[in-house]
*Asks:* 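My questions all concern the structure below.
Numbering of residues begins at 1 and proceeds along the displayed sequence.
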Amino acid sequence: MITNLRVLDLFSCAGGAAMGYHRAGFEVDGCDIAHRPNYPFTYHRGDALDYLTHLITTGDIDRYTLLHASPPCQAGCALTVGTNASQGWGKTHTDLVAATRHLLDATGLPYVIEQPNGRAEIRKDLTLCGEMFGLGVLRHRNFELGRWATQKPAHPRHRGYVRGHRHGVHRDGPYVAAYGNGGGKATVPEMQHAMGITWTDVREELTEAIPPAYTHFIGTAFLTARQEVFA
């Protein structure tokens, strides 16, 4: 059995990614610039890139097996570059993907960068969807894998629509909209149930979270790839 597995969870929010890695067998340390009292594991409050630079400089980065980063995605996500842009809504957002990748590469460690669908400039080595795991959300997310690889899972056909109003039309369906307010968007209990997140009831944290099932899959795939390398 592999022991001493530890993930650094950068831009950690409330810990959706962290919980998946924990369930895959990792210890997890988080870092987020916002106060996250609901984060379920060891947590450092501060700028994620400054903290990563500190860990590299001091050599403390060597205690980690895998690095995960979910840098701010609003600049390139589908909602920003699609509906919001067409309506003249929203504001200027920071894109930290390139800066994050630069530091992750400098560590020499395997890593994962997560982003939503949109124009974020990452390789889509994995694209995961809630339907792959029988969840009540679709929540497509793309993952760039640095210094390791795994096969892409098949993307199953969606069973129907996401419930709610869109472009003046109301639809019912097996999935809830875990973002925003109004228009038939999911309630906090609905989001918790749909994504398998029980340790926070803060709406903003839930709307930004990824389901733990995604990183449980990724963490397990990483361990399989690691075992094959050292077999």
Side-chain angles (χ1 to χ4, degrees), residues 1-73 94-116 120-123 125-126 128 141-150 195 197 199-200 205 208-227 229-230:
M1 180 178 178
I2 300 174
T3 58
N4 299 319
L5 300 167
R6 186 175 290 273
V7 168
L8 177 62
D9 177 24
L10 297 166
F11 309 97
S12 57
C13 195
M19 186 60 73
Y21 286 118
H22 169 72
R23 292 172 181 169
F26 292 84
E27 295 182 60
V28 185
D29 298 328
C31 179
D32 198 277
I33 199 166
H35 182 46
R36 301 294 185 186
N38 296 317
Y39 191 77
F41 306 105
T42 303
Y43 159 77
H44 170 83
R45 183 177 181 184
D47 182 273
L49 298 188
D50 287 347
Y51 186 56
L52 180 55
T53 299
H54 168 75
L55 292 173
I56 294 170
T57 301
T58 61
D60 289 341
I61 195 67
D62 293 339
R63 68 176 180 259
Y64 294 102
T65 313
L66 178 67
L67 310 176
H68 176 100
S70 298
C73 60
T94 301
D95 183 353
L96 296 179
V97 173
T100 300
R101 182 189 296 108
H102 176 76
L103 284 176
L104 292 174
D105 280 331
T107 69
L109 293 171
Y111 63 80
V112 178
I113 301 175
E114 176 263 326
Q115 290 285 279
E121 294 186 2
I122 67 167
R123 292 193 317 273
D125 297 319
L126 286 176
L128 300 182
R141 290 296 183 269
N142 302 308
F143 300 86
E144 178 176 318
L145 310 181
R147 293 191 173 83
W148 72 284
T150 191
M195 292 191 288
I197 296 176
W199 58 92
T200 180
E205 292 181 343
E208 293 184 3
I210 64 172
Y214 292 13
T215 44
H216 188 183
F217 171 86
I218 291 172
T220 302
F222 172 78
L223 295 180
T224 299
R226 189 172 186 259
Q227 287 174 327
V229 168
F230 291 104

*Asks:* Which pair of heavy atoms, one from Thr215 and one from Gly16, lies closest together, and at what distance?
*Replies:*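 Closest approach of Thr215 to Gly16, heavy atoms only: OG1-O, 3.9 Å.
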*Asks:* Measure the spacing between CD1 of Ile113 and CG of Leu10 and express it to the nearest 0.5 Å.
*Replies:*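 Going from CD1 on Ile113 over to CG on Leu10, the span is 10.0 Å.
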*Asks:* Let me confirm one number: the OG1-CZ distance from Thr150 to Phe217, rounded to the nearest 0.5 Å.
*Replies:*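 Interatomic distance, Thr150 OG1 to Phe217 CZ, rounded to 0.5 Å: 5.5 Å.
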*Asks:* Can you measure from CG (Leu104) to NE2 (His68) and round to the nearest 0.5 angstrom?
*Replies:*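 One gets 10.0 Å once the value is rounded to the nearest 0.5 Å.
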*Asks:* Might you point out which heavy atoms bring Tyr64 and Leu8 nearest each other, and give the distance in Å?
*Replies:*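 For Tyr64 versus Leu8, the nearest heavy atoms are CD2-N, 3.5 Å.
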*Asks:* About how many Å separate CD1 of Ile218 and CZ of Phe143, when rounded to the nearest 0.5 Å?
*Replies:*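 With rounding to 0.5 Å, CZ (Phe143) is 4.0 Å from CD1 (Ile218).
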*Asks:* Please tell me if the side chains of Leu55 and Arg63 come closer than 4.5 Å, counting only heavy atoms from C-beta onward.
*Replies:*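 When only atoms from C-beta onward are counted, Arg63 and Leu55 do touch, with a gap below 4.5 Å.
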*Asks:* Any side-chain heavy atom of Leu223 within less than 4.5 Å of one from Leu5?
*Replies:*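 A side-chain contact under 4.5 Å exists here.
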*Asks:* For a 4.5 angstrom cut-off between non-hydrogen side-chain atoms, does Leu52 reach Thr100?
*Replies:*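 When only atoms from C-beta onward are counted, Thr100 and Leu52 do not touch, as no gap falls below 4.5 Å.
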*Asks:* To the nearest 0.5 Å, how far apart are CD1 in Ile33 and CG in Leu49?
*Replies:*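 One finds 9.5 Å between CD1 of Ile33 and CG of Leu49.
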*Asks:* If we ignore hydrogens and angles and just use 3.5 Å, is the side chain of Gln115 paired with the main-chain N or O of Pro71 as donor and acceptor?
*Replies:*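 Flag set: sc Gln115 to bb Pro71 pair under 3.5 Å.
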*Asks:* Going by side chain to side chain donor-acceptor pair (under 3.5 Å), name the pairs with one or both residues in residues 43-59, residues two or more places apart or in two chains.
*Replies:*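 Those involving residues 43-59 are Thr58-Asp60.
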*Asks:* Might you point out which heavy atoms bring Ala14 and Trp199 nearest each other, and give the distance in Å?
*Replies:*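 Taking every non-hydrogen atom into account, O-NE1, 2.8 Å.
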*Asks:* Apply side-chain contact (heavy atoms from CB on, under 4.5 Å) to residues Ile122 and Arg101 and explain how you reach the verdict.
*Replies:* CA-CA 9 Å; Ile122 67 167; Arg101 182 189 296 108; 3.7 Å; yes
*Asks:* Do Val112 and Leu145 come close enough that some side-chain heavy atom pair is under 4.5 Å?
*Replies:*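 Heavy-atom side-chain distance check passes, below 4.5 Å.
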*Asks:* Would you compute the distance between atom CD of Glu208 and atom OG of Ser12 and round it to the nearest 0.5 angstrom?
*Replies:*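 Answer for the CD-OG pair, Glu208 versus Ser12, is 11.0 Å.
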*Asks:* Are any non-hydrogen side-chain atoms of Met195 and Ile210 less than 4.5 angstrom apart?
*Replies:*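 No, side chains not in contact.
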*Asks:* Between the side chain of Glu27 and the main-chain N/O of Arg6, is any donor-acceptor distance below 3.5 Å?
*Replies:*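 No, because the side chain of Glu27 does not come within donor-acceptor range (under 3.5 Å) of the backbone of Arg6.
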*Asks:* Give the minimum heavy-atom separation between Arg147 and Leu109, together with the two atoms involved.
*Replies:*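 In this case the closest contact between Arg147 and Leu109 is NH1-O, 3.6 Å.
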*Asks:* Just so I know, are the side chains of Val28 and Tyr39 near enough to count as touching, which here means a heavy-atom distance under 4.5 Å?
*Replies:*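 Counting from C-beta outward, Val28 and Tyr39 do come under 4.5 Å.
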*Asks:* Identify the two heavy atoms, one from Ala225 and one from Ala149, that lie closest to each other, and give their separation to 0.1 Å.
*Replies:*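 Result for this residue pair: CB-O, 3.8 Å.
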*Asks:* Can you give me the closest heavy-atom contact between Met19 and Pro40, atom names plus distance?
*Replies:*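 Nearest heavy atoms, Met19 then Pro40: CE-CG, 4.0 Å.
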*Asks:* Relative to the ring of His22, is the ring of Phe41 parallel (under 30°), tilted (30 to 60°) or perpendicular (over 60°)?
*Replies:*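 Ring orientation, 0 to 90° scale: tilted.
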